[in-house]
> 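Take this structure, written in structure tokens, and hold onto it; I'll ask about it next.
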Amino acid sequence: MTHSPHAITGRFAPSPTGALHTGSLAAAVGSWLSARSAGGRWLLRIDDLDAPRQVAGMSDDILRTLECFGLLWDGDITWQSRHRDAYAQAFERLNRQGLIYPCGCSRKEIAQAASAPHPEDDAIPYPESCRDGMRPGGAIRSWRVRVADEETCFDDLRRGYVCQNLAMGCGDFVLRRGDGEFAYQLAVVVDDALTGVTQVVRGDDLLSSTPRQIYLQRLLGLPQPAYCHLPLVTGPGGSKLSKRDNLVSHHLGNWNGREGELLLEVLRFLGQAPQHGLTGASCGEILQWGVSHFDATRIPIMGGALHIS
Ligand code: GLU
């Protein structure tokens, strides 16, 4: 099947820092269905830049788990660790525009930079201490991009019109760590453009990153994909799922034979109404139903627990 350059291209981009849990599975299913129901492609990217946080064997476990659920991807897998030249070029381009500066501020902020951030990381905007130059003799701990004191807005398919003033929300943010590694925000923007992604469907925990990514897309002259941030699966009492909660791992084999059951629960979590006749059906049959019936407007605004026995 050939695809015109304008066809829908979605993607799933797990970080190999732990096994998939029901929350990441919901993101995978949501993005898969959104792309496939529009006749589009679905790409897989492994966000493996943050070496210290990776767990050996996890990439393989994630791939096998996706296959187990019938979530097959198109073409070659993209590995971020093989794209550093492309990130370096984008970084240089911003540097030539005078938008990058070295920063000697706290290690903690820098450690967070190469990882997919979470809303609490954005609570305190960077105080711009190094914007006009570092303390003499200080070590470079990161490179930051200057942000403008203006609203960056976008239309999210589920959340509606979302705006953030980056200067007030996060301030000048890190694009490269002191050890030379590129930050998630830059890598994701470069890769989505390089691989022709036209729609980004992912968890709500990344909503707060989107204005930064759109800002970088504009600076780099890259196309802006459509965005849809999915509700989050929560743990007991509404808590955030931890790396150990609700694991869906090929390695653990904990769903052996019951993948279809879980897939139906994920569809219900995403507001879809799979017909009763699908009870006991294979993942392939359930996904096929999803391809013909998926309706993004039914995705609920609230997240919650995903009931699995
Ligand atoms: N790799 C990121 C994560 O696992 C997601 C990247 C994205 O979807 O933009 O949180």
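Computed from heavy atoms alone, side chains included, the values below leave out hydrogens, waters and symmetry copies. Remember, it's 1-based here, ligands and their atoms both numbered in the order they're listed. This is a predicted model, so every value here is computed, not measured.
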> Atoms of ligand 1 less than 4.0 Å from Val188 heavy atoms?
9 (O)

> Would you kindly say whether His229 and Asp156 are connected by a side-chain donor-acceptor distance under 3.5 Å?
yes

> Say whether, by atom type as modelled, one donor and one acceptor occur between the side chain of Trp143 and the main chain of Gly180 under 3.5 angstrom.
no

> Side chain, backbone, both or neither: which applies to Phe12 and ligand 1 if a contact is any heavy-atom pair less than 4.0 Å apart?
neither

> I'd like to check which ligand 1 atoms, numbered from 1 as shown, lie under 4.0 Å from a non-hydrogen atom of Tyr184.
6 (C), 7 (C), 9 (O)

> Could you name the option among Gln80, Arg202, Arg45 that has the heavy atom nearest to atom 9 (O) of ligand 1?
Arg202

> Check this for me: does any side-chain nitrogen of one of Arg53 and Asp47 sit under 4.0 Å from a carboxylate oxygen of the other?
no

> Which is it for Val200 and ligand 1 at heavy atoms under 4.0 Å: side chain, backbone, both or neither?
neither

> Using 0.5 Å steps for rounding, measure from the CG atom of Asn95 to the CD atom of Glu92.
4.5 Å

> For ligand 1, is there an atom lying under 4.0 Å from some heavy atom of Arg11?
yes

> Counting from 1, what ligand 1 atoms have a heavy atom of Ser15 closer than 4.0 Å?
1 (N), 2 (C), 3 (C), 4 (O)

> What's the separation between atom CG in Leu71 and atom CZ in Phe12, rounded to the nearest 0.5 Å?
8.5 Å

> Hydrogens and angles aside, do Gln54 and Asp48 bring a side-chain donor and acceptor to less than 3.5 Å of each other?
no

